[in-house]
Structures are given as C-alpha cells and as structure tokens.
Amino acid sequence: MCVFHKGLLLPLAIEDCFHFLQRPKLDYYEKYSFLVLHYLNNKTLDIEELDLFVGKTYLVTFHYKPLPSVETVWQRLLQDPNGFNKGVSYIAYAILDQLVDDYFPIVYEIEDQLNEIESSDAKNQLPY
C-alpha cells in the first residue's frame, strides 16, 4: 500500500524524509506523529537518519540503508507475535530502545581506544 496515495501521510512529512540529516524532532499531526532520529553506523561511525511515522494502527519506518535495529525488532516480533498485540507505540519504543542498545558496542570500543591512548601516554611520560 502506498501510504501517500491513500492520504495517510502528509506530503510535507514525506518531503522531510528526503532532507537527509535534519535535526532530530517530533512533529504531531492529526492522525500520526512523525519522528526524525539519528543513529551511528556501527561500521563506519557515519551519522544516519531514521524517520518514523507512528499512527494509531500503523508504523512506517524510512531509512536509506538497511538498519540493524529495525531488523532486530522485526525479527523479535516475528518470533513472538504477541509483541504486535502491545500496539504501535510499543513497537516504536522497541525500535528506539534497540537504537540506544546498539550504541553500547560503539561506546565501549571508543572507551577501549581511549584507555589504550592514556596508558601509552602514561608510559611515555618522563618522571620529574
């Protein structure tokens, strides 16, 4: 189903999807909420964008590249279909939660690199 053709989403919100790396935001419309989120690509550390349209009975995600966080939540829902019964807001929350969880390996890697720099720097300091 083409959500634009059916009139579910306003053209302005759809247009926002094509303006890459907007500021994160939450817009309320009459029949849905529109979220713009950023996340880090865990391989390149590039900033990517995820757009969510959250209606009463539907959730539409828009992203230029495959997004592991969305795929993880989708697979989880397919394995336990009861998750669909928790509603659209729960699924949107699950995606946001997974996005945050996916930051931790990146943060830990950066922390390890900083610790290595600090320890090598400490070894190279001259005693006074």
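No experiment lies behind these values; they were computed from the predicted model shown.
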Pair Asp27-Tyr29, side-chain contact (heavy atoms from CB on, under 4.5 Å): steps then yes or no | CA-CA 7 Å; Asp27 287 338; Tyr29 294 96; 3.7 Å; yes
Run the numbers on Ile95 and Leu37 for side-chain contact (heavy atoms from CB on, under 4.5 Å), then give the verdict.
-> CA-CA 11 Å; Ile95 291 171; Leu37 307 167; 5.8 Å; no
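In this structure Thr57 satisfies the side-chain contact (heavy atoms from CB on, under 4.5 Å) test with no other residue, sequence neighbours excluded. With sequence neighbours excluded, the residues forming a side-chain contact (heavy atoms from CB on, under 4.5 Å) with Tyr103 are Tyr39, Leu40, listed by chain and number. Scored by the side-chain contact (heavy atoms from CB on, under 4.5 Å) test, Leu78 finds Trp74, Gln75 as partners (sequence neighbours excluded). Residues that satisfy the side-chain contact (heavy atoms from CB on, under 4.5 Å) test with Ser89, not counting sequence neighbours, are absent from this structure.
For Tyr93, the OH atom counts as loosely surrounded, since its 6.0 Å shell holds 12 or fewer non-hydrogen atoms of other residues, nucleotides or ligands.
When all heavy atoms of Gly83 and Ile91 are compared, the pair lying nearest together is O-CG1, 4.3 Å. Among all heavy-atom pairs drawn from Leu26 and Ser33, the shortest one is CD1-CB, 4.0 Å. Here the closest heavy-atom approach between residue Pro24 and residue His38 is recorded as CD-CE1, 3.7 Å. Scanning both residues, Lys43 and Asn41, for their nearest heavy atoms gives N-OD1, 2.8 Å.
Atom NZ of residue Lys25 and atom CG of residue Asp51 lie 9.0 Å apart, to the nearest 0.5 angstrom. Remark: Leu35 CG to Leu59 CG distance equals 9.5 Å, nearest 0.5 Å. For the atom pair CG (Leu77) and OG1 (Thr72), the distance works out to 11.0 Å, reported to the nearest 0.5 Å.
When side chains are defined from C-beta on, Glu49 counts as touching Val36, because their heavy atoms get closer than 4.5 Å. Counting heavy atoms from C-beta on, the side chains of Asn85 and Tyr90 never come closer than 4.5 Å.
Applying the salt bridge (Lys or Arg N to Asp or Glu O under 4.0 Å) rule to pairs touching residues 68-95 yields nothing, sequence neighbours excluded. Screening residues 98-114 for salt bridge (Lys or Arg N to Asp or Glu O under 4.0 Å) gives no qualifying pairs among residues at least two apart or on separate chains. The salt bridge (Lys or Arg N to Asp or Glu O under 4.0 Å) analysis of residues 54-69, with sequence neighbours excluded, yields the pairs Glu48-Lys65.
The other residues sharing a hydrophobic cluster with Tyr108 are Val100, Phe104, where clustering joins ILVMFWY side chains under 4.5 Å apart.
The cluster map of Ile, Leu, Val, Met, Phe, Trp and Tyr, joined by side-chain heavy atoms under 4.5 Å apart, puts Val107 and Ile117 in different clusters.
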